[in-house]
Every structure is written in C-alpha cells, then in structure tokens.
Amino acid sequence: MAFYEQHIHDAPTTFLSKYIFSYDHKVIGKQFLWYGILFLGIGGIMALMIRWTLAFPGQAFPILGNFLFPATGGVVPADTYAMLFTMHGTIMIFYAITPILIGCFGNYLIPLMIGARDMAFPLLNMLSFHLAALSGVLLLAGLFTPLGAAAGGWTSYPTLSTLIGSPGVGQTLWTLAIFVLGVSSTMGAINYITTIITLRAPGMGYFDMPLSIWGLGLTAVLNAIFLPVLGAGCLLLVFDRVFGTAFFLAGAAATSGTGDPILFQHVFWIFGHPEVYILILPAWGIVSDLLSFFSRKPAFGAKATALSMTTITILSTVVYGHHMYTTQMSPLLTQSFMTLTMTISIPSAIFFANWLGTLWKGSIRFHSPMLFSLGVVFVFGLGGLTGLYLATVTTDLYLHDTYFVVGHFHYTMAASVLLGGFAATYFWMPKMFGTMMNEFWAKVHFWITILGLNGIFMGMMIVGYAGMHRRLYNPFIYEFAQRMIDINTFVTWSAITMGLAQFIFVFNFVHAVFFKKEKASANPWEVGTLEWTIPSPAPHYNFKDIPVVKCGPHEYGNPALTGDVDFQFQTEELAKS
C-alpha cells in the first residue's frame with residue numbers, strides 16, 4: 001500500500017525533457033531497451049568473430065575483416081582474440097542482458113504492475129541510466145586505445161588484469177566502466193526495492209504481486225548487497241594499475257609489499273555467483289507469469305514459486321566457492337561449497353515442477369511470448385542439469401577450463417535470459433509502443449533462434465567434454481583437438497544462422513515501432529494484471545486513479561465466470577458461484 005500520496009505531474013514538452021533527460025520510468029525503460037539492443041549487436045558480432053576463428057583458422061572474417069584487421073589481411077590476430085572474448089563476455093552480461101531484462105523491464109513494469117504512477121525516486125532513476133551510458137562509453141573507448149581494449153577475460157583475474165598482464169589503458173577503462181556501471185545498478189536497485197515496498201496499490205499484498213515483480217525485486221536485493229563488493233574490488237584493481245599499490249600482486253610482481261591475486265577471485269565471485277541469479281531471476285519471474293497467462297490457468301503453486309525464488313536468492317550468496325575448486329582450496333571448503341551448491345537444486349526443482357504443473361491440462365495459446373517462454377523451460381532444464389557436473393568437485397576439476405563450462409553457462413544465463421527477454425519484448429510490446437509485432441515473423445524468429453542456439457551450446461558442451469580448452473586461439477595445433485574441427489564448424493554455422501535470425505527480430509521491432517499504423521488494443525493478450533487495465537501505450541503517469549487490488553494476478557478459468565471471458569482483472573472481486 002502506498003505510504004504517501006502520488007501526484008500527477010505535467011507531461012514534459014521539450015525533446016530533451018521527453019526523450020533524453022526524462023524522469024518517466026517508461027521512457028527510461030525504453031532507453032535501457034535501445035541501449036541493450038545496441039550492445040547485443042556489438043557483443044554478437046564479437047561472438048561471430050570468435051566462432052569464425054575457431055571454425056576457419058587463418059581465414060579472413062567476412063565483410064568486416066579487411067576493415068578491422070588490415071595488417072593481417074582480415075584474419076583475426078591472436079592478441080585480438082583475447083580482447084574479443086573478454087569484451088564479448090563483458091558486453092553480453094553487463095551491457096546487453098542486464099539493461100534489457102533489469103533496466104528496461106524493471107523500470108517499465110514495476111510501477112505499472114504494482115499500480116504506481118512512477119518510481120519512488122524519479123531523479124535517481126534518470127541518473128541511473130545516464131551513468132550506465134557513461135559506463136558504456138568508457139568500455140568502448142578502450143577499443144580505440146593504442147594497445148586495444150581489455151584482454152584479461154570477463155572475470156579479469158590478476159595478474160592478467162594488472163599492468164603485467166594487460167599494460168594498455170583498455171584494461172583500466174574496463175575496470176572504471178564496471179565500477180561506474182555498478183554505481184548505476186545500485187541506484188536502480190535501491191529505487192526498485194523502495195518502490196515495491198512503498199508504492200504497491202491498496203489491497204496488494206506481497207503474494208498478490210505478479211511473479212515478474214518477485215523476480216525483479218529479488219534481483220534488486222542481490223544487486224544492492226553485492227554490487228558494492230565488486231565495486232570495491234574494481235577500485236583496488238584501479239589502484240594497483242594507476243597508483244602502484246599491490247593489493248592483488250604477489251612475489252616478484254609486487255614492487256613494494258605483497259598482495260594476493262586469489263583475493264580478487266574471492267571478491268569477484270562473492271558478487272559473480274549472485275550475478276547469475278541477478279540475471280536469471282527476472283526471466284524466471286516473467287516466464288512464470290507468461291506460462292500462466294497463455295495456459296489460461298492459475299500459476300501452479302504461485303506462493304511456492306515465490307518462496308523458492310527467495311530461497312535460491314539466499315542460497316546464491318553462500319555458494320560462490322564452487323567457481324574456485326581449482327585454486328587449491330581446502331578440501332573441507334570445497335566439500336562445503338559443493339553441498340551448499342547442490343542444495344540449490346531443491347528449490348529449483350520445486351519451481352520447475354510448478355512450471356510443468358501450470359502447463360498441465362492448460363488451454364495453451366501458442367503465441368510468440370509463450371513459445372519463447374517454453375524455450376526458457378527447455379534450456380533452463382538443460383542448464384540446470386549440466387550445472388551439477390560443475391558443482392561436483394571431482395568432475396569440475398576435469399571440466400573447469402573447457403568449453404563444457406562455456407556451453408553450460410550459456411545455456412543457463414545467455415539462452416534462458418535471451419529467450420526470456422524476447423518473450424517479454426513480444427508480450428509487452430503493445431503496452432510499451434502501442435503496436436504489436438508481426439506474429440508470423442515472431443514465430444519464424446523463435447524457431448530459427450532455438451535451433452541455432454541449441455546447435456551452438458550443445459556443440460560447445462560436446463567439445464568441452466572431449467577436452468577442448470576454452471581460451472586457446474588455435475586449439476587445433478594439438479593432435480587430439482583436430483578431430484573436433486567438424487563440430488566447431490557446425491557450432492559456427494549454428495551461430496551464423498542464429499545471428500542472421502536476429503535481423504528478423506530487428507526488422508519486426510523497428511517496423512512495429514516506427515512504421516506500423518494499426519494500433520494495439522488495451523488488452524490484446526486478455527490478461528488481468530494492472531498494466532492491462534489502462535490504454536496502450538501506457539499514458540503519462542500511468543493511472544488516472546490509483547487502482548485497488550481485489551484478487552491475484554493469475555485468475556483464469558474460474559467456473560463462476562460468465563460470458564466469453566476466462567480471466568479477471570486484479571481490480572475485480574473474485575467471482576464466486
């Protein structure tokens with residue numbers, strides 16, 4: 001329930017106040033969406049360069065190769081390869097997935113789905129986006145420095161990320177960019193948490209919130225707690241690089257005093273493992289809602305799903321050590337972290353079973369958001385099961401630095417989050433822009449994407465299980481790896497196919513936003529949550545009158561309903577026979 005009165009402010013009138021320095025959570029959400037799509041394209045091209053190098057070593061990268069690498073005749077150079085996988089990982093995690101799922105849909109959905117007119121702190125919200133934009137500029141600026149961008153891996157372990165491993169300015173800019181982005185995300189997290197606690201519509205208890213809000217809210221909690229840890233690590237790394245300190249340098253590398261390179265790994269993964277759930281919780285919440293909406297059934301075990309996500313959030317804070325089994329950690333610690341990590345599978349299994357329970361005997365509508373949601377169910381199952389091999393000490397020691405890890409975390413994070421992001425974009429498109437994307441091309445986009453995606457990540461796990469190392473420029477100099485060339489070529493063609501499929505999405509999206517004249521209705525999907533009670537696109541300051549919530553977000557198929565509708569808005573009294 002709202003703790004204070006929410007006023008309707010005048011709508012902005014100038015271009016700058018409306019589109020650039022807007023306080024409106026909906027505009028800021030769209031800004032994050034465009035920002036994320038831009039970086040998704042940049043990170044995707046880098047991924048294709050990596051895959052091209054592994055499938056066709058020594059051959060020029062098509063079209064862009066001669067322009068980007070004239071000294072080598074268009075072939076990706078070995079030193080650039082390290083920069084590519086560093087920047088690809090960084091961009092995809094921090095600058096593509098995070099802005100789209102958390103920045104865009106967090107900003108756009110939270111006030112609308114809880115019945116508020118805006119975020120609790122609109123000015124803080126605006127500053128959060130502009131700091132994120134500054135961070136993106138800092139990161140990309142590294143590409144234009146004399147020694148190129150950061151090349152220490154997306155984890156930037158010392159000593160690879162100190163002046164010894166990465167002497168250029170690019171790594172310093174990378175570290176500063178991550179620090180600034182952390183400040184931006186922390187500001188956003190505080191705003192999300194405060195908004196959810198204080199601005200829920202009258203009558204809306206925590207278990208009356210859509211599961212999307214649960215996912216976004218729990219993500220904000222993790223961000224608020226753990227981003228400062230990463231920020232502190234980045235600051236110390238900058239001090240090592242710029243001011244000559246030795247927090248992460250040891251032995252002959254440290255000119256004065258001595259530090260510990262492993263300390264950075266602890267700091268990084270204390271943040272880094274919750275980061276997995278920071279990215280995936282919003283997708284899980286959104287998919288939990290969409291499965292119910294398009295199955296025309298109440299979400300099975302909705303409270304258990306919310307509590308399972310909460311349990312996973314808590315457990316995610318105490319399992320980071322399973323990323324460090326190979327650092328000669330004490331066997332007592334490795335077994336403790338292994339046990340804790342395995343424990344996460346219990347709540348994960350509960351809400352996965354709830355997803356299946358929601359689908360069971362539902363009147364399923366296979367619209368594009370539902371297809372992408374079902375895709376998340378599939379890839380999350382694969383990602384979760386393959387994670388057990390990496391949570392177990394004995395198998396992780398063999399698989400740790402192989403492509404099996406790359407395939408696993410791409411299934412868990414990239415595939416789940418990417419498909420969840422597409423599901424959300426197709427679903428809330430009418431509320432955001434007032435038009436709907438073409439359903440035929442949306443389904444074509446889905447099928448090519450899901451086929452390409454599985455070709456890539458399943459292929460990665462196969463070559464990883466066979467022992468292919470994940471950071472080698474040309475692994476085929478080793479005789480045993482030469483037998484994997486064909487699979488790598490298949491993975492690369494799958495990546496190219498999936499990359500081309502994204503043009504279908506881009507054209508569909510741009511056409512719907514700028515050229516489509518047919519306007520969407522207020523509630524084209526027939527859904528009962530609060531954002532669908534107002535016109536499409538959502539008007540300035542959302543609700544003329546703050547709604548009063550009288551039932552849950554998943555009221556479908558109630559036998560007491562009369563007429564042609566099979567759902568109820570949250571503002572309606574629950575129908576009783």
Side-chain angles (χ1 to χ4, degrees), residues 93 97 101 211 214-215 218-219 222 269 272-291 299-301 304-323 325 337-360 372-396 398-400 402-421 423 450 453-462 464-465:
I93 291 173
I97 294 172
L101 268 181
L211 291 167
W214 273 91
L218 291 169
T219 287
L222 286 175
W269 287 115
H273 193 78
E275 169 70 4
V276 173
Y277 296 96
I278 285 170
L279 297 178
I280 205 168
L281 278 166
W284 285 351
I286 288 168
V287 167
S288 299
D289 279 333
L290 295 188
L291 290 179
F300 184 85
T305 300
L307 293 174
S308 295
M309 286 199 288
T310 308
T311 306
I312 291 169
T313 301
I314 296 168
L315 287 174
S316 75
T317 65
V318 290
V319 300
Y320 80 92
H322 72 239
H323 293 273
Y325 289 156
F337 280 120
M338 181 175 70
T339 305
L340 288 167
T341 305
M342 292 291 188
T343 307
I344 286 187
S345 61
I346 298 171
S348 301
I350 291 173
F351 84 74
F352 191 82
N354 287 348
W355 282 353
L356 301 182
T358 302
L359 292 170
W360 179 250
F372 280 98
S373 299
L374 292 172
V376 174
V377 175
F378 176 72
V379 297
F380 170 64
L382 282 177
L385 289 174
T386 53
L388 295 176
Y389 293 89
L390 303 175
T392 307
V393 179
T394 47
T395 44
D396 179 76
Y398 169 73
L399 295 168
H400 185 77
T402 71
Y403 256 91
F404 186 91
V405 179
V406 183
H408 158 71
F409 77 68
H410 274 84
Y411 258 125
T412 308
M413 293 171 62
S416 296
V417 174
L418 188 68
L419 295 177
I450 197 78
L453 178 149
N454 281 288
I456 300 168
F457 304 142
M458 187 66 76
M460 285 180 173
M461 286 202 292
I462 291 171
Y465 193 74

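Index from 1, following the sequence. Worth knowing before you read on, the calculation uses all heavy atoms, side chains too, and leaves out hydrogens, waters and symmetry mates.
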Identify the two heavy atoms, one from [X] and one from [Y], that lie closest to each other, and give their separation to 0.1 Å.
{"X": "Ser373", "Y": "Ala423", "value": "OG-CB, 3.9 Å"}
{"X": "Leu218", "Y": "Thr310", "value": "CD1-N, 3.7 Å"}
{"X": "Gly420", "Y": "Ala283", "value": "CA-CB, 4.5 Å"}
{"X": "Leu222", "Y": "Pro274", "value": "CD1-O, 3.9 Å"}
{"X": "Ser288", "Y": "Leu211", "value": "CB-CD1, 3.5 Å"}
{"X": "Met309", "Y": "Gly215", "value": "CE-N, 4.1 Å"}

Do [X] and [Y] have side-chain heavy atoms sitting under 4.5 Å apart?
{"X": "Val376", "Y": "Leu290", "result": "no"}
{"X": "Ile344", "Y": "Tyr277", "result": "yes"}
{"X": "Tyr325", "Y": "His400", "result": "no"}
{"X": "Ile312", "Y": "Phe351", "result": "yes"}
{"X": "Asn454", "Y": "Phe378", "result": "yes"}

Are the side chain of [X] and the backbone of [Y] linked by a donor-acceptor contact shorter than 3.5 Å?
{"X": "Tyr320", "Y": "Phe337", "result": "no"}
{"X": "Tyr411", "Y": "Gly384", "result": "no"}
{"X": "Thr317", "Y": "Ile314", "result": "yes"}
{"X": "Thr392", "Y": "Thr394", "result": "no"}

>> Strictly by side chain to side chain donor-acceptor pair (under 3.5 Å), give each pair with a member in residues 341-354 just once, sequence neighbours left out.
In response: Thr305-Asn354, His322-Thr341
> Any side chain to side chain donor-acceptor pair (under 3.5 Å) pairs touching residues 375-386, not counting sequence neighbours?
Replying inline: Thr386-His408
Spatial distance of atom [atom1] ([X]) from atom [atom2] ([Y]) [nearest 0.5 Å]:
{"X": "Leu279", "Y": "Met413", "atom1": "CG", "atom2": "CE", "answer": "4.5 Å"}
{"X": "Leu356", "Y": "Leu291", "atom1": "CG", "atom2": "CG", "answer": "9.0 Å"}
{"X": "Thr219", "Y": "Leu281", "atom1": "OG1", "atom2": "CG", "answer": "4.5 Å"}
{"X": "Ile280", "Y": "Ser316", "atom1": "CD1", "atom2": "OG", "answer": "11.5 Å"}

> Under 6.0 Å from the CZ atom of Phe300, do we count more than 12 heavy atoms belonging to anything else shown?
Replying inline: no
> Is the number of heavy atoms from other residues, nucleotides or ligands within 6.0 Å of OH (Tyr389) greater than 12?
Replying inline: no
>> For Phe457 and Leu382: C-alpha separation, side-chain torsions, deciding distance, then whether side-chain contact (heavy atoms from CB on, under 4.5 Å) applies.
In response: CA-CA 10 Å; Phe457 304 142; Leu382 282 177; over 6 Å; no
>> Among Leu307, Thr313, Thr311, which residue satisfies the side-chain contact (heavy atoms from CB on, under 4.5 Å) criterion with Pro347?
In response: Thr311
> Can you say whether the rings of Phe352 and Trp355 are parallel (under 30°), tilted (30 to 60°) or perpendicular (over 60°)?
Replying inline: tilted
> Where does the angle between the aromatic ring planes of His273 and His323 fall among parallel (under 30°), tilted (30 to 60°) and perpendicular (over 60°)?
Replying inline: tilted
>> Checking Phe380 against Val287 for the side-chain contact (heavy atoms from CB on, under 4.5 Å) test, could you report, in this order, the C-alpha distance in whole Å, the side-chain angles of both residues, the deciding distance, and whether it holds?
In response: CA-CA 11 Å; Phe380 170 64; Val287 167; over 6 Å; no
